Amino acid sequence: MSKLAIFGGEKVRKTKFPPYLPIGEEELEEVTEVFRSHVFSRFLGCWHEDFFGGPQVRSLEEEWAKFFGVRHAVAVNSATSALYCAVGAIGTEPFDEIIVSPYTMSASATAPLIYNAIPVFADVEADCFCLDVASVEEKITDRTRAIIVVDIFGQPYDSDGINELARKHNLKVIEDCAQAPYARYGDKFAGTLGDIGIFSLNYHKHIHCGEGGIIVTDDAELANKLRLIRNHAEAVVESKGETDLVNMVGFNYRMTEMEAAVARRQLRKLPQLVEERRKNVRYLEKELAKIPCLTMPNVRNGADHVYYAHALKFDEAIAGVHRNKFVEAVKAELTPMELRETEGIKIGCGYAKPLYLQPMFQKQIAYGSRGFPWSASGRRYDYSLGVCPVTEDLHFNSLITHEYMLPGVTKDDLDDIVATFVKVWENVGEIRG
Ligand SMILES: *Cc1c(COP(=O)(O)O)cnc(C)c1O
């Protein structure tokens with residue numbers, strides 16, 4: 001038993017952890033070719049062959065669709081743009097309600113507001129942290145148009161339960177799969193379980209091209225609308241002969257050729273990169289599972305997990321100390337990851353703060369200063385503390401997330417993570433007082 005670093009003892013770990021470097025020489029070769037071709041983008045914002053973009057973008061879309069077993073893939077410049085496109089493409093009307101998760105990256109809940117629709121928060125599951133079917137059902141009203149589900153931390157949402165509910169109430173399901181590429185539920189990939197799925201190619205994700213996003217769907221009409229919204233719809237519809245003008249205000253959400261070239265090569269690496277995460281998690285869990293105050297992440301029946309983050313449940317009653325104090329002691333023993341030093345120690349108390357607690361929801365101010373769209377909706381919406389008790393308990397008391405299982409870590413690195421948790425557990429009495 002050695003003294004905890006938080007009380008001046010020696011840290012378990014003194015050197016930084018290795019960086020996560022999924023992009024390498026293979027991508028450099030692809031980018032060099034694009035660079036030499038001088039085709040950096042080939043999008044035209046009018047009805048023309050180039051409305052669909054350049055050769056890299058089109059190949060990426062074809063390969064992505066084939067890989068995930070889906071009819072259409074549309075490349076955009078971020079998963080945030082992808083979510084915005086999806087909300088527009090399903091024909092969202094002002095003051096429609098869209099049910100969202102409070103425990104995710106903010107864009108999954110902001111997306112409805114882009115079309116002046118109202119985000120309504122349902123609670124998450126205590127064991128898998130995705131939207132809870134019963135809670136979603138409680139939030140359905142005559143104005144509900146869609147559900148944005150999130151495959152949080154790397155495992156698919158409860159698509160049996162949620163999809164059935166959606167069918168019953170005639171709702172669209174938009175699946176935010178930014179954190180779960182290559183996860184499966186039954187014989188389908190996450191991302192293809194709803195009406196529209198979105199992926200992220202941002203540098204924090206399993207595979208990336210710096211910034212980027214992909215939207216997938218089996219529905220040709222939705223794919224058409226997604227492409228229009230991506231690329232100046234309003235300037236395209238007339239010559240294209242579109243008569244349905246719903247949400248045909250376009251944006252520029254286009255991906256560049258170099259990003260697409262990187263993304264194409266990255267896709268081929270995805271299975272291996274996921275396998276390395278799984279291997280690291282298996283190794284960690286063999287030891288961490290022995291610590292009585294920790295519960296390893298639950299994997300949904302029939303699903304598998306790709307571990308965007310490793311999410312542990314912490315039991316305060318067993319530890320005799322609040323999670324925050326435990327995590328503070330764990331952090332003191334560790335060091336950051338190379339190239340992400342500015343993000344600090346990659347262990348968190350929970351994840352993102354429940355999104356309805358953001359000022360935008362608390363003050364209900366989005367567009368202009370007079371509370372639009374809420375104030376004009378004719379209904380009242382409650383975003384107060386207590387709306388989603390499971391999420392609040394996870395965030396404020398019982399969830400720990402970390403990223404020290406990213407590919408690139410060695411067995412010694414993982415041993416240091418285990419040693420850290422063991423050390424803090426064995427000395428937990430010291431932090432009680
Ligand atoms: C990263 C992320 C996004 C946004 O992705 P960007 O490509 O950065 O816009 C959306 N949803 C979830 C769950 C994410 O993790």
Side-chain angles (χ1 to χ4, degrees), residues 20 22-23 60 64 73-88 98-114 119 121-122 124-125 128-131 146-157 162 173-183 190-191 193-194 196-216 226 229-230 251-256 259-260 262-263 266-267 270 274 277 305-311 340 343 346 348 350-355 358 391 394-395 399 401-403 406:
Y20 181 50
I23 296 184
L60 170 63
W64 198 279
V74 180
V76 287
N77 59 0
S78 74
T80 300
S81 307
L83 284 161
Y84 296 176
C85 279
V87 171
I98 296 187
I99 297 175
V100 297
S101 168
Y103 218 33
T104 172
M105 186 264 173
S106 75
S108 346
T110 307
L113 287 168
I114 302 304
F121 292 92
V124 301
E125 305 156 314
C128 293
F129 322 127
C130 298
L131 273 180
I147 308 166
I148 300 179
V149 290
V150 183
D151 302 323
I152 198 74
F153 306 141
Q155 77 167 315
Y157 73 103
I162 298 273
V173 175
I174 297 170
E175 182 182 10
D176 179 345
C177 188
Q179 300 189 358
Y182 206 61
L193 302 168
I196 298 181
I198 69 107
F199 295 87
S200 175
L201 292 164
N202 163 286
Y203 74 104
H204 285 109
K205 303 296 157 50
H206 295 69
I207 57 171
H208 76 92
C209 59
E211 304 282 353
I214 308 275
I215 322 168
V216 297
L226 292 165
I229 294 169
R230 165 177 72 177
F251 297 85
N252 174 352
Y253 290 153
R254 306 176 313 204
M255 180 185 269
T256 72
E259 287 164 337
V262 172
Q266 283 279 283
L267 182 59
L270 179 61
V274 166
R277 285 184 194 237
H305 206 307
V306 297
Y307 302 106
Y308 173 70
H310 193 212
R340 285 170 70 177
E343 296 175 33
K346 295 305 292 175
Y351 181 56
K353 189 160 104 172
L355 293 175
Q358 288 178 343
T391 303
L394 288 171
H395 188 68
L399 196 74
T401 55
H402 79 87
E403 294 180 47
L406 294 182

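Counting starts at 1 for both ligands and their atoms, in listed order. Only this structure's heavy atoms are used, side chains among them; waters, hydrogens and symmetry mates stay out. Worth saying up front: this structure is predicted, and the values here are computed from it rather than measured.
Regarding atom 15 (O) of ligand 1, its nearest protein heavy-atom neighbour is Gln179 NE2, 2.9 Å. Atom 4 (C) of ligand 1 has Met105 SD, 3.5 Å as its closest protein atom, hydrogens excluded (heavy atom only).
Residue Lys205 places a heavy atom under 4.0 Å from ligand 1.
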- prompt: Going through the distances and angles, do Asn202 and His208 end up as a side-chain contact (heavy atoms from CB on, under 4.5 Å)?
  reply: CA-CA 5 Å; Asn202 163 286; His208 76 92; 5.8 Å; no

task: Check step by step if side-chain contact (heavy atoms from CB on, under 4.5 Å) holds for Thr110 and Leu355.
output: CA-CA 9 Å; Thr110 307; Leu355 293 175; over 6 Å; no

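Considering backbone and side-chain atoms alike, Glu211 places every N or O at 3.5 Å or more from each N or O of ligand 1.
Atoms of ligand 1 lying under 4.0 Å from at least one heavy atom of Gly212, given by number and element, are 7 (O). With ligand atoms numbered from 1 in the order given, ligand 1 contributes 5 (O), 6 (P), 7 (O) to contacts under 4.0 Å with heavy atoms of Ser200. Each of the atoms 7 (O), 8 (O) of ligand 1 lies under 4.0 Å from some heavy atom of Asn202. Less than 4.0 angstrom separates some heavy atom of Thr104 from each of these atoms of ligand 1: 13 (C). Interface atoms of ligand 1 facing Ser78, defined by a heavy-atom separation under 4.0 Å, are 7 (O), 9 (O). Within ligand 1, the atoms closer than 4.0 Å to a non-hydrogen atom of Thr80 are 4 (C), 6 (P), 9 (O), numbered from 1 in the order shown. The Ser108 neighbourhood of ligand 1 comprises atoms 11 (N), with distances under 4.0 Å to a heavy atom of that residue. Within the listing of ligand 1, atoms 4 (C), 5 (O), 6 (P), 7 (O), 9 (O) sit less than 4.0 angstrom from a heavy atom of Ala79.
No part of Ile198 comes within 4.0 Å of ligand 1, judged by heavy-atom distances.
Counting heavy atoms only, Asp176 comes closest to atom 12 (C) of ligand 1 of the residues Val76, Asp176, Asp151.
The structure places NZ of Lys205 at 12.5 Å from CZ of Phe199, a figure rounded to the nearest 0.5 Å. Rounding to the nearest 0.5 Å places CD of Gln266 at 11.0 Å from CG of Leu60. Within the model, atoms NE2 of His310 and CD of Glu403 stand 12.5 Å from one another, a figure rounded to the nearest 0.5 Å.
In this structure the side chain of Ile207 reaches within 4.5 angstrom of the side chain of Leu201, judged on heavy atoms.
Remark: Arg277 is not positioned above the aromatic ring of Phe153, lacking an NZ or CZ atom under 6.0 angstrom from the ring centre and at most 45 degrees off the axis.
Checking side-chain atoms of Tyr103 against main-chain N and O of Tyr351 turns up a donor-acceptor pair under 3.5 Å.
For Tyr203, the OH atom counts as loosely surrounded, since its 6.0 Å shell holds 12 or fewer non-hydrogen atoms of other residues, nucleotides or ligands.
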